[in-house]
Amino acid sequence: MTLHLHNTLTRKKEAFTPIDAKNVRMYVCGPTVYDRPHLGNARSVVVYDVLYRLLSHLYGGDHVTYVRNITDVDDKINAAAKANNEPISALTARVEQWFHDDVAALNVLPPTNEPRATSHVGMMIALIEKLIAGGHAYASQGHVLFSVGSYGEYGALSHRKLDELIAGHRVEVESYKKHPGDFVLWKPAQTDDDPSSIFDSPWGKGRPGWHIECSAMSTTYLGENFDIHGGGSDLMFPHHENEIAQSRCALPGSRFANTWVHNGFLTVNGEKMSKSLGNFITVKDLLDKGIKGEVIRFALLSSKYNEPLDWNEKLVHDARVTLDKWYRIVTPHSLRGLPPLRETPQQVRGDMIAALADDLNLPKAIGLMHSAAPEELPAMGRMLGILQRNSQEWFKGENAAQSIENLINARLAAKRTKNFAEADKIRKELADQGIMLEDRPDGTTDWRRT
Ligand code: AMP
Ligand code: ZN
């Protein structure tokens, strides 16, 4: 079965041919560890987890190398550590653990390698030195900048010319840049920087820019030419465009990644979910409300991976109804006999694999599951990272959550009839069980465990 993937570089759905079928190599931009992952970040992680499962199925689990990095040196991290008044190392260690906990709750498999940027600064410096030597970068006022004019194909990924790119994006015009599109490879340390974010370099003490981090980590683990590079579509420009330019210029003759895959945004009322817009919901927010990680995962997989997906309560509700339906019919014995998760599941229906191999056609794959026989479901579900528990375990704790919802509804009914004594009694009853209520302006009530 031939895998077809939409390649951002060519803007076409292409037949995927790995450089080496015995070692299929994929790099995906991982989290910048300054705050808890939100559902938009989670969508990216979950989508590439499905692609990883599919590659493992097609080529064998031992023949896929999947690298997802941890960005643990970045301006956002410095700013967050300062705002929290804590050392950077404490912040990054804590957030990395949160990330791992949250994606594990979403049934995400660990990647083959998960390099941290701070452990690869030597490689970043080596790449920057090559760029300077090749006339692609210059040192200026403690910075080192990549000269975009030195790379004729700049803009090939975003399919725009340099001038259009600059006009369409916020590009800062600093005095140390020769051209406004030049981007930072190395930046000087500030006097009040935390020592753990300061590294020695031939250009003085400082830290690497974000883009060079991914070039260094991907080529260290996957070589100068590898198969797939993934990330959210917000990373196409400038991050991925810059990764291509600096990698190809530092490693002459290399192609860097052959296939570029970009997942669509998770949106809220049509707007990208993001930290800066403040419209984000973290994975932990939902887990704390008693929503199962697998329900969140399945909701995130409910549309084409490269189209926007709008997050709302109906999406979660529908995901839960479907998973409940399937967990009611999966027969416990059909779980037995499946090899461990990391190994290739052998008996998956061919049409399921064909749907996923068609540029990860998730709606089609899920449609097939709706008409599948109960004994086929666990193997199909494993391709999507769902239905891997037994039903008893799935429905355990369900009654507790339901009774909380019932009490909340009873309290709302009491409030509507102005029976405030009863409403307060119910609030106290829930508080005694460690459930905090939060009334929202729209008349509904949220709850969380304290
Ligand atoms: P960040 O931590 O912001 O660098 O993002 C980590 C990953 O999540 C990147 O691959 C982003 O492209 C992706 N991402 C961030 N926000 C969203 C969103 N709203 N929808 C989909 N992917 C996103
Ligand atoms: Zn990256």
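Here, residue 1 is the first one in the sequence, and each next residue gets the next number. Counting starts at 1 for both ligands and their atoms, in listed order. Keep in mind the model is a prediction, meaning the values are calculated, not measured.
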**Student:** Using heavy atoms and a threshold below 4.0 Å, how should the contact between T267 and ligand 1 be classified: side chain, backbone, both, or neither?
**Tutor:**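 Looking at T267 and ligand 1, no heavy atom falls under 4.0 Å.
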**Student:** Of all the non-hydrogen atoms in the protein, which one sits nearest to atom 13 (C) of ligand 1, and at what distance?
**Tutor:**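 Result for atom 13 (C) of ligand 1: S44 CB, 4.0 Å.
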**Student:** Taking only heavy atoms of N263, which atoms of ligand 1 are found under 4.0 Å from at least one of them?
**Tutor:**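 The atoms of ligand 1 under 4.0 Å from a heavy atom of N263 are 21 (C), 22 (N).
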**Student:** If you measure from the Lys or Arg side-chain nitrogens to the Asp or Glu carboxylate oxygens, is any gap between D358 and K364 under 4.0 Å?
**Tutor:** no
**Student:** Check the pair D324, R320 against salt bridge (Lys or Arg N to Asp or Glu O under 4.0 Å), reporting the backbone distance first and the verdict last.
**Tutor:** CA-CA 6 Å; D324 280 354; R320 189 196 145 151; 3.4 Å; yes
**Student:** In this structure, which one of K13, E14, H6 forms a side chain to side chain contact (heavy atoms under 4.5 Å, CB included) with T10?
**Tutor:** E14
**Student:** Where's the contact between H38 and ligand 1, heavy-atom distance under 4.0 Å: side chain, backbone, both or neither?
**Tutor:**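 H38 to ligand 1: side-chain contact only, backbone stays beyond 4.0 Å.
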**Student:** Among all the protein's non-hydrogen atoms, which is closest to atom 19 (N) of ligand 1, and how far away is it?
**Tutor:** M273 O, 2.8 Å
**Student:** For K272, counting its heavy atoms only, list the atoms of ligand 1 lying under 4.0 Å from any of them.
**Tutor:** 16 (N), 19 (N)
**Student:** Evaluate whether atom CZ of R116 has more than 12 neighbouring non-hydrogen atoms of other residues, nucleotides or ligands under 6.0 angstrom away.
**Tutor:** no
**Student:** Rounded to 10°, how many degrees is the angle SG/C214-the Zn ion (ligand 2)-SG/C29?
**Tutor:** 130°
**Student:** Tell me which part of L266 gets within contact of ligand 1: side chain, backbone, both or neither, using heavy atoms under 4.0 Å.
**Tutor:** both
**Student:** Quick check: D234 and ligand 1, any N/O pair under 3.5 Å apart?
**Tutor:** yes
**Student:** So with a 6.0 Å cut-off around CG of D192, is the heavy-atom count from everything else above 12?
**Tutor:** yes
**Student:** Tell me the closest heavy-atom pair linking I198 and K205, and the distance in Å.
**Tutor:**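 Shortest heavy-atom contact: CG2-CB, 3.6 Å.
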**Student:** Please verify whether a non-hydrogen atom of G230 lies at under 4.0 Å from ligand 1.
**Tutor:** no
**Student:** Decide, counting backbone as well as side-chain atoms, whether H239 has an N, O or S atom less than 2.8 Å from the Zn ion (ligand 2).
**Tutor:** yes
**Student:** Relative to ligand 1, is L235 under 4.0 angstrom through side chain, backbone, both or neither, heavy atoms considered?
**Tutor:** side chain
**Student:** Any ion pair linking R297 and D49 (charged N to carboxylate O, less than 4.0 Å)?
**Tutor:**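 Here D49 pairs with R297 in a salt bridge, since their nearest N and O are under 4.0 Å apart.
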**Student:** Identify the closest protein heavy atom to atom 1 (P) of ligand 1: which residue and atom is it, and at what distance?
**Tutor:**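 Its nearest protein heavy-atom neighbour is N41 ND2, 4.0 Å.
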**Student:** May I ask you to identify the nearest protein heavy atom to atom 2 (O) of ligand 1, giving residue, atom name and distance to one decimal place in Å?
**Tutor:**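 It is T32 N, 3.4 Å.
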**Student:** Between G231, C29, G232, G40, flag the one that comes closest to atom 23 (C) of ligand 1 by a heavy atom.
**Tutor:**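 The option holding the nearest heavy atom is G40.
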**Student:** How about M1: does its CE atom have over 12 heavy atoms from other parts shown lying under 6.0 Å from it?
**Tutor:**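 Count over threshold, so yes.
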**Student:** Does H317 NE2 have over 12 foreign heavy atoms under 6.0 Å away?
**Tutor:** no
**Student:** Salt-bridge test for K177 and E174: reply yes if a basic N is under 4.0 Å from a carboxylate O, no otherwise.
**Tutor:** yes
